[in-house]
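Computed from a prediction, not measured in an experiment: that's the story for all the values here. Position 1 is the first residue of the sequence, and the numbers go up from there. Basis for what follows: all heavy atoms, side chains included, without hydrogens, waters or symmetry-related copies.
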Amino acid sequence: DSNPSVVPYIPPTAVPNTTTYHFLIKWISKAGKATLARHYLLQAMELDRAEDRRLRSDCLLKPPGEILAPHFGVNRTMILPIFAEANRDKNMELLRWVLVKTQRVLRRKRADLRYYTEIEEGWKAETQAARTETIEATGSLEVSPTSTTSFTTPPAVSTTDAPSAQAPS
């Protein structure tokens, strides 16, 4: 029945990113397709939340150096074309809908910012604690290569080691 020498067709696919959705929503809005623009903004918001959930779980399970940067996020360039379309068509229902969605996105982004700031402060505290332990144990500022954190700061310069700022007389 099936011929093993014939490879089945696999259609090309791409991982969605912020730029793709920006241009998609922009040109759909310019074409006057408010329903499609709403659909893709909702889909973008879902992708943004999925990316945030992935990033949050990575922050809890992986060391900072192994966390991949997010490739998707809802931003103003996705929302403004829909506002422009609603304004052009004098579509008050769409204007109100976009306002509600914008407020939701802003509320979530602020909560995300607070969360990631707390995570970063925790990482810095862990790094400082590991550094203090190393200094106490070895008497030097060297951080062990097995440390799981990636934050490093240069060692403080001692005033006795620094060259004199005065010119010789």
Excluding sequence neighbours, so at least two apart, what forms side-chain contact (heavy atoms from CB on, under 4.5 Å) with Thr132?
-> Gln128, Glu136
Output the distance between atom NZ (Lys33) and atom CZ (Arg38), rounded to the nearest 0.5 Å.
-> 15.5 Å
Please answer: with hydrophobic residues joined when any side-chain heavy atoms are less than 4.5 Å apart, are Phe83 and Met92 in the same cluster?
-> yes
Kindly give the cluster partners of Leu113, where membership spreads through any ILVMFWY side chain lying under 4.5 Å from a current member.
-> none
Using links of under 4.5 Å between side-chain heavy atoms of ILVMFWY residues, direct or through other members, which residues join Trp27 in one cluster?
-> Phe23
Linking I/L/V/M/F/W/Y whenever their side-chain heavy atoms sit closer than 4.5 Å, directly or via other members, would Leu55 and Met45 fall into one cluster?
-> no
Do Leu106 and Leu42 share a hydrophobic cluster, counting only Ile, Leu, Val, Met, Phe, Trp and Tyr and linking them when any side-chain heavy atoms are less than 4.5 Å apart?
-> no
Any idea which heavy atoms bring Ile28 and Ala37 closest together, and the distance?
-> CG2-N, 3.6 Å
Approximate separation, where rounding is to 0.5 Å, of Ile79 CD1 and Leu99 CG = 10.0 Å
Partners passing ring pair (Phe, Tyr, Trp, His ring centres under 6.0 Å) against Phe72 (at least two apart in sequence or in another chain) = Tyr21
Closest heavy-atom pair, Gly73 versus Thr18, reported as atoms and distance to 0.1 Å, is N-OG1, 3.0 Å
For residues 49-64, pull every pair meeting side chain to side chain donor-acceptor pair (under 3.5 Å), keeping only residues two or more places apart or in separate chains.
-> Arg49-Asp52, Arg49-Asp112, Glu51-Arg54, Asp52-Arg56, Asp52-Tyr116, Arg54-Asp58, Arg56-Asp112
Check Ala44 against Val74 and note the closest heavy-atom contact, atom names and distance.
-> O-CG2, 3.5 Å
For residues 87-108, pull every pair meeting side chain to side chain donor-acceptor pair (under 3.5 Å), keeping only residues two or more places apart or in separate chains.
-> Glu85-Arg88
Listed partners of Ile119 passing side-chain contact (heavy atoms from CB on, under 4.5 Å), at least two apart | Cys59, Leu60, Tyr115, Trp123
Residues which pass side chain to side chain donor-acceptor pair (under 3.5 Å) with Thr20, listed by chain and number, not counting sequence neighbours | Asn17
Under the salt bridge (charged side-chain N to carboxylate O under 4.0 Å, His left out) test, residues paired with Asp48 that sit two or more places apart = Lys109
